[in-house]
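Written out below as C-alpha cells is the structure these notes cover.
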Amino acid sequence: MDVLLPGLSRVAVCGGTHGNELSGVYLVREMLRVEKGDEDMSTQKLLSNPRAAELCRRYLDVDLNRCFTLAALNDPLPDPAPYEMVRARELNAMLGPKGSPRAVDLVCDLHNTTSNMGLCLIAFSDCDWISLHIYHYLQREMRYIPVRYVHFDVSDKDSYSLDSVGKHGFALEIGPQPHGLVRSNIYSAMKEGLQHILNWVRLFNSGVVFNGGSVDVFTTVGHVDYPRDEDTHNITAAIHPQLQDRDFCLLHPGDPLFQTFSGQTVSYKGSKALHPFFINECAYYEKGVALYLATKRTFTIPAVRVHKEDHQDVRFPSEEEEE
C-alpha cells in the first residue's frame with residue numbers, strides 16, 4: 001500500500017554553511033542570478049554563512065554546522081556572542097523554527113569534502129521516506145557517480161546541522177574537492193544532483209507515485225582519531241596509503257589504518273569489519289577525527305505519493321519495470 005505524505009511546498013537550498021566549500025557557494029550564487037519562479041513549490045536559495053564565504057573561510061568564530069541543536073538555538077547567548085551562533089538563530093527564524101509546523105518542508109544543504117566520498121546524502125534519520133526516496137532517485141539518475149546515504153544516529157534535539165531545521169532535510173555532500181577552490185566536475189555533479197532533487201519534489205507534488213525498493217544505508221557507529229604524541233598531542237601518523245581514497249570500503253580487523261611518520265604501519269584494531277568514510281577530511285583535523293566508521297544496512301522503503309484529493313495514480317516505474 002502507498003504511504004501518503006504531505007506535499008513539499010517550501011524547499012530551502014543552502015550553500016556556504018562552510019564558507020570555503022565553494023561548489024555550494026557558487027551554485028547558490030548562480031541560482032540567485034538566474035532565479036525563476038516555480039508554480040509547484042517555493043524554493044528559497046540562500047548563503048548560510050555569507051561572511052565566511054566572503055573570506056573563503058570555513059567559519060569566523062565557531063562551526064556554523066554545529067550550532068543548530070535546540071540548546072544552541074534557545075539557551076542564552078554568551079557575551080560577546082560568536083557570529084555563527086547569532087547567524088544560526090537568524091537562519092532558524094527564516095527556515096524554522098526547528099521542530100515547528102512553520103518550518104520549511106525540505107532543507108538541502110550543499111557541502112564539499114576533501115574525502116573521496118562521491119555524492120552522499122547525510123541525514124539524522126534512517127526512516128524518513130522523503131529523504132530515502134530522493135536518495136533512491138539519485139542512484140537511478142546518476143549512475144556515473146557513487147551515491148550513498150549516511151545516517152548519523154542523533155536525536156532531534158541534539159541534531160546539530162542546518163538541515164535539521166526543516167521538516168525533512170539532509171546535507172548533499174560531494175567530493176573530493178580541496179577546500180578553498182572549485183573543481184568543475186564536482187560543481188557539475190552537485191548541480192545535477194540538486195536538479196534531480198528538485199525534479200523529484202516537483203514529480204512528487206504533482207501526484208506521481210514512487211514505487212518502493214531496497215536501499216543501503218551507512219549508519220555511523222564511531223570515529224577514529226590519528227595517533228598522537230602523549231606529551232605534545234601532535235599527530236604521529238597519516239592515513240595509510242592502502243586506505244587513502246577508499247571511502248566506504250570494508251575495513252577488516254588487522255587491515256592497515258595509519259602509517260607513522262617513521263614508516264611503521266598501524267593496523268585497525270576493531271573487533272569487526274566496518275565501513276570508513278570522511279577518510280582524511282582536512283576540516284576534521286581540528287575535531288580529532290581521522291575517519292568515521294559505519295555499518296551498512298539494507299532497508300526496504302515503501303511506495304509513496306502526495307496526499308491530496310485530486311491525486312492521479314501516475315506511477316514512477318521501478319528499475320525492474322524499465323528493464
Side-chain angles (χ1 to χ4, degrees), residues 18-23 56-59 62-63 65-66 111-124 126 145-154 158 160-161 171 173-183 185-186 189 216-298:
H18 294 135
N20 60 355
E21 296 179 11
L22 296 190
S23 292
C56 196
R57 290 170 53 178
R58 183 173 176 84
Y59 55 80
V62 296
D63 189 341
N65 218 34
R66 300 297 184 271
H111 286 266
N112 290 122
T113 174
T114 61
S115 302
N116 187 31
M117 287 171 53
L119 189 152
C120 293
L121 274 67
I122 302 180
F124 293 109
D126 61 356
I145 187 173
V147 178
R148 301 181 178 94
Y149 190 99
V150 175
H151 165 227
F152 278 82
D153 191 10
V154 177
D158 293 325
Y160 46 76
S161 55
E173 184 94 46
I174 186 165
Q177 176 174 282
H179 298 323
L181 60 80
V182 59
R183 292 178 53 181
N185 64 319
I186 299 297
D216 291 330
V217 172
F218 292 87
T219 296
T220 304
V221 295
H223 66 268
V224 178
D225 191 9
Y226 296 92
R228 295 181 182 271
D229 183 273
E230 291 184 0
D231 297 324
T232 66
H233 204 56
N234 292 330
I235 67 172
T236 58
I239 295 293
H240 196 279
Q242 293 182 30
L243 180 60
Q244 181 64 50
D245 298 326
R246 297 189 61 228
D247 294 72
F248 298 103
C249 70
L250 194 56
L251 182 66
H252 295 88
D255 285 350
L257 182 57
F258 298 106
Q259 188 172 76
T260 69
F261 298 137
S262 59
Q264 297 174 320
T265 294
V266 178
S267 300
Y268 170 55
K269 296 180 173 58
S271 59
K272 61 180 180 179
L274 293 169
H275 297 269
F277 67 99
F278 275 130
I279 296 173
N280 204 19
E281 160 59 50
C282 78
Y284 288 170
Y285 276 68
E286 68 179 28
K287 300 182 187 299
V289 175
L291 51 85
Y292 280 94
L293 293 168
T295 58
K296 185 171 75 169
R297 297 173 297 157
T298 300

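Just the heavy atoms: all of them, side chains too, but no hydrogens, waters or symmetry mates, feed the values below. Every value quoted in this text rests on a predicted model; they were computed, and no experiment measured them.
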Exercise. Does one side chain, of D247 or Y292, offer a donor that lies under 3.5 Å from an acceptor on the other?
Worked result: no
Exercise. What heavy-atom pair brings M117 and C120 nearest, and what distance separates the two atoms?
Worked result: O-SG, 3.4 Å
Problem set entry | Set of residues satisfying ring pair (Phe, Tyr, Trp, His ring centres under 6.0 Å) with respect to F278, sequence neighbours excluded | Y284
For this session: Any chance you could measure T265, atom OG1, to F258, atom CZ, to the nearest 0.5 Å?
Result: 12.0 Å
Exercise. Can you name the nearest heavy-atom pair linking C56 to G180, along with the distance?
Worked result: SG-CA, 3.6 Å
Exercise. Considering all heavy atoms of both residues, which atom of A237 and which atom of F261 are nearest to each other, and what is their separation?
Worked result: N-CE1, 3.5 Å
Seminar exercise, completed: R183 meets the salt bridge (Lys or Arg N to Asp or Glu O under 4.0 Å) criterion, sequence neighbours left out, with none
Exercise. Is any side-chain heavy atom of P276 less than 4.5 Å from a side-chain heavy atom of C249?
Worked result: yes
Problem set entry | Non-neighbouring partners of D255 that pass salt bridge (Lys or Arg N to Asp or Glu O under 4.0 Å), sequence neighbours left out | none
Exercise. What residues form a side-chain contact (heavy atoms from CB on, under 4.5 Å) with L250, not counting sequence neighbours?
Worked result: H252, A273, H275
For this session: Mind checking side-chain contact (heavy atoms from CB on, under 4.5 Å) for D229 and listing every partner two or more places apart, or none if nothing turns up?
Result: D231, T232, T236
Problem set entry | Note, E281 side chain near V289 side chain (heavy atom, < 4.5 Å) | no
Problem set entry | Interatomic distance, N112 atom CG to L181 atom CG [nearest 0.5 angstrom] | 9.0 Å
Exercise. So do Y285 and I235 actually touch side chain to side chain, heavy atoms under 4.5 Å?
Worked result: yes
Problem set entry | Listed partners of K287 passing salt bridge (Lys or Arg N to Asp or Glu O under 4.0 Å), at least two apart | D63
Problem set entry | Side chains of H111 and E21, donor plus acceptor under 3.5 Å | yes
Exercise. How many angstroms lie between atom NE2 of H179 and atom NE2 of H18, to the nearest 0.5 angstrom?
Worked result: 8.0 Å
Seminar exercise, completed: Closest non-hydrogen contact found for A189 with I174 is CB-CD1, 3.3 Å
For this session: Starting at CZ of F248, measure out to CZ of R246 and round the result to the nearest 0.5 Å.
Result: 13.5 Å
Exercise. Around atom CZ of R66, are there more than 12 heavy atoms of other residues, nucleotides or ligands at under 6.0 Å?
Worked result: yes
For this session: Evaluate the criterion side-chain contact (heavy atoms from CB on, under 4.5 Å) for residue pair F124 and D158; output intermediate values, then yes/no.
Result: CA-CA 10 Å; F124 293 109; D158 293 325; over 6 Å; no
Exercise. Is I279 close to N116 at the side-chain level, that is, under 4.5 Å between some pair of heavy atoms?
Worked result: no
Seminar exercise, completed: Closest non-hydrogen atoms of V221 and L274, given as atom of the first, atom of the second and distance, are CG2-CD1, 3.8 Å
Problem set entry | T260 OG1 to Y226 OH distance, which is reported to the nearest 0.5 Å | 14.5 Å
Exercise. What's the spacing between L251 CG and L291 CG if we round to 0.5 Å?
Worked result: 7.5 Å
Problem set entry | Main-chain N/O of S115 paired to T113 side chain as donor or acceptor, under 3.5 Å | yes
Seminar exercise, completed: Shortest non-hydrogen pair, P176 vs T114, comes out as CB-O, 3.5 Å
